[in-house]
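Taking it in order: structure first as structure tokens, then the write-up.
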Protein chains: 2
Amino acid sequence: MERMRDWDDLRHFLAVARAGSTLGAARALGVNQTTCARRIAALEAATAMQLFERRQAGYRLTEAGARLLALAERVEQEVRALEGALEAERRMLSGRLRATTNESIANAVLTPFLARFREAYPRIRVEVTITDRALELARGEADVALRAGRQPEAVGVAVRRICHLPWTIYCARDYAMRHGVPTSRAEIGGHAVIGGEGSVAKIAGVRWLEEAAAGVEVVSRSGSLTNMTAAAVAGIGLAALPCMIGDREPALQRCFPPVPGIGGDLWLVVREEARGVPHVRAFLDSLVADLAAVRAMLEGTAPGRD
Amino acid sequence: MERMRDWDDLRHFLAVARAGSTLGAARALGVNQTTCARRIAALEAATAMQLFERRQAGYRLTEAGARLLALAERVEQEVRALEGALEAERRMLSGRLRATTNESIANAVLTPFLARFREAYPRIRVEVTITDRALELARGEADVALRAGRQPEAVGVAVRRICHLPWTIYCARDYAMRHGVPTSRAEIGGHAVIGGEGSVAKIAGVRWLEEAAAGVEVVSRSGSLTNMTAAAVAGIGLAALPCMIGDREPALQRCFPPVPGIGGDLWLVVREEARGVPHVRAFLDSLVADLAAVRAMLEGTAPGRD
DNA sequence: GCTCCATTCTGCATTTCTGCCGAATGAGGT
DNA sequence: ACCTCATTCGGCAGAAATGCAGAATGGAGC
């Protein structure tokens, strides 16, 4: 035989051999069944050997194929070793990186993540700026930002949607015991309501609550979601909050499922120039992997898209 | 980093690391330089690591890249081992195969090849039918044929051109000493000429010689090129022969370089149905590899296409 | 200082690969 | 006996990878 034309065929060979079918292998590899079948066919053609028997029930290794499997596994083992080394290499990356977000997201997402990230990449120094102002990444004020709400618009940056951020109405558990819980928008009328101030007052969820409570006294106003959360925890009244925040407070409970129409999205914004830099990539990759967990948690409890 | 997306990137990585440039690697791999550059870029993007420094003089490994090289070489080693096993596996192929060709090609090409082939694939039984008749492969009279001349036409077969077969005029060395050597078509007039008979008389080269020698006695006629060769060796006169045959006779010498216009081609014909069968493939692959040597020898001495 | 050469990169055309869809085929369960 | 399910295979359209040609760059040799 000539030299192996495409080492990637071995990856497919292993997957098919293990799954026992091109379909199963395709699922495992995240590709189409046809692709697996074709790569096996290509490998067999290149080597002029029959590696599998085609059956209705799937692909079964021939004797020769089975003998080859062991060898292919050794190749795989070395590839895994290389991947491991690559990972180790990567953990030695160093550099400085400036991230920014608002207080709520910092508390719920970024800060917990940073703890893990520092473990994995001790030589990457991350400086976090927590502010309500949206720093201008394009001007070099920061490299990475996490933003909530509508899709951020800016030039010179790459924007990526992470997940949906459902909102709903929360109240303290002891508030619920004392005053009961509204189970629909109509029942909000009789309750004390915590409102927003400044830019916070403009948030869809906060407006929704104030409008639902039309005529009722707003007992507290705050320009910070964190503050509003604290007010709710203190049992002052109902507050509209992102589930990402409200669910993290053991003292709070949802009044009803996430409200359609008041949710936002979580966006990851990266300065275009910083995007390709290895240690920034490492940060982003880790962050995105970490956010997958947040996403899973939220989507599990979220309604459909609103 | 995620899992390695494409193991074949490692092959390119190795090639570039060794060649020191994407261009050199591309040559080694038989692909385009751009492809190498792009696969390295893809690998670096996937791993978010800089593996090479781009310079005008070429690609140079970074420190991290150099550390990875050793690992990649281990992968390669395992792939080579697998290739070896595959080859060994292949040598255990068994089966029967019928080949056919004419006497000249059998002597010059097929028989010498068969000796080597039997060593490599002891369990494949090859039956050779040497005949001037063109057996009908499509009818199952044989699986593989080697043919000389014009492109064979037939249905149900795959035809592949191996190389050009130059012809020229030969005479025995001692004939040359006794009678001199014609150095052009015009000088043939005074020499004794060996002609063909039957289908051999129709071959372009044989006709060319007889026409060049118009009026001169044809001292011998034979229906077999082998016979004509023997006659030439015996010093009877000049003979038109394919260089493939004439050059193999130490007792013969070329009168002049290959004559444009009288050459043919060597064709490999395979019965369509037999093409995919492993042991036939093994035979064909070996034969083609072997013929590359024949080709190199002939093309080295051949004129341009005629 | 000049040319020549090997190299990299970019934009475009083409080939190749991949995914998707539907049909066919058996096996297994009801 | 029939349905359902998992599987393979073929054709087709879109996507991705590849090759090609040209421009730019910088070093080596004359």
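Labels below follow one simple rule: chain letters A, B, ... track the order of the sequence lines, proteins then strands, and each chain is numbered from 1. What you see is a predicted model, and the numbers here were worked out from it, not measured in a lab. Reckoned from all heavy atoms, side chains included, excluding hydrogens, waters and symmetry mates.
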Looking at [X], I'd like to know whether one of its side-chain N or O atoms comes within less than 4.0 Å of OP1 or OP2 on [N].
X	N	value
B/Y59	C/dA6	no
B/T34	D/dG19	no
B/R27	C/dT7	yes
A/N32	C/dC20	yes

[X] [atom1] - [N] [atom2] separation (whole Å):
X	N	atom1	atom2	result
B/R60	C/dT8	CZ	P	14 Å
A/R5	C/dC17	CZ	P	11 Å
A/D6	C/dC17	CG	P	9 Å
B/R54	D/dG26	CZ	P	16 Å
A/L23	C/dT25	CG	P	19 Å
A/L29	C/dG19	CG	C1'	15 Å
A/I40	C/dT18	CD1	C1'	15 Å
A/D8	C/dT16	CG	P	19 Å

So, are B/R271 and B/E273 salt-bridged, with charged N and O less than 4.0 Å apart? yes
Strictly below 4.0 Å, N to O, side chains only: are B/E87 and B/R91 in salt-bridge contact? yes
Under the 3.5 angstrom rule, does the side chain of [X] hit a backbone N or O of [Y] as a donor-acceptor pair?
X	Y	answer
A/T101	A/L146	yes
B/E44	B/F52	yes
A/T100	A/A142	no

Counting any heavy atom closer than 4.0 Å, what does [X] reach on the DNA or RNA strands: base, sugar-phosphate only, or nothing?
X	value
B/R39	sugar-phosphate
B/T35	sugar-phosphate
B/R55	sugar-phosphate

Side chain of [X], heavy atoms from C-beta onward: which of [options] has the nearest atom to it?
X	options	result
B/Q56	D/dC9, D/dG19, D/dG26	D/dG26
B/A37	C/dC9, C/dT8, D/dT8	C/dC9
B/V31	C/dT8, D/dG19, D/dT7	D/dG19

With hydrogens left out and only the distance checked, is there a donor-acceptor pair under 3.5 Å joining A/R38's side chain and the base of D/dG10? no
Which sits closer to the 5' end of DNA chain C, A/C36 or B/G24, going by the nucleotide each is nearest to? B/G24
Within the 4.5 Å heavy-atom criterion, are B/L10 and B/M4 side-chain neighbours or not? yes
Of A/S21 and B/A57, whose closest DNA chain D nucleotide lies nearer the 5' terminus? A/S21
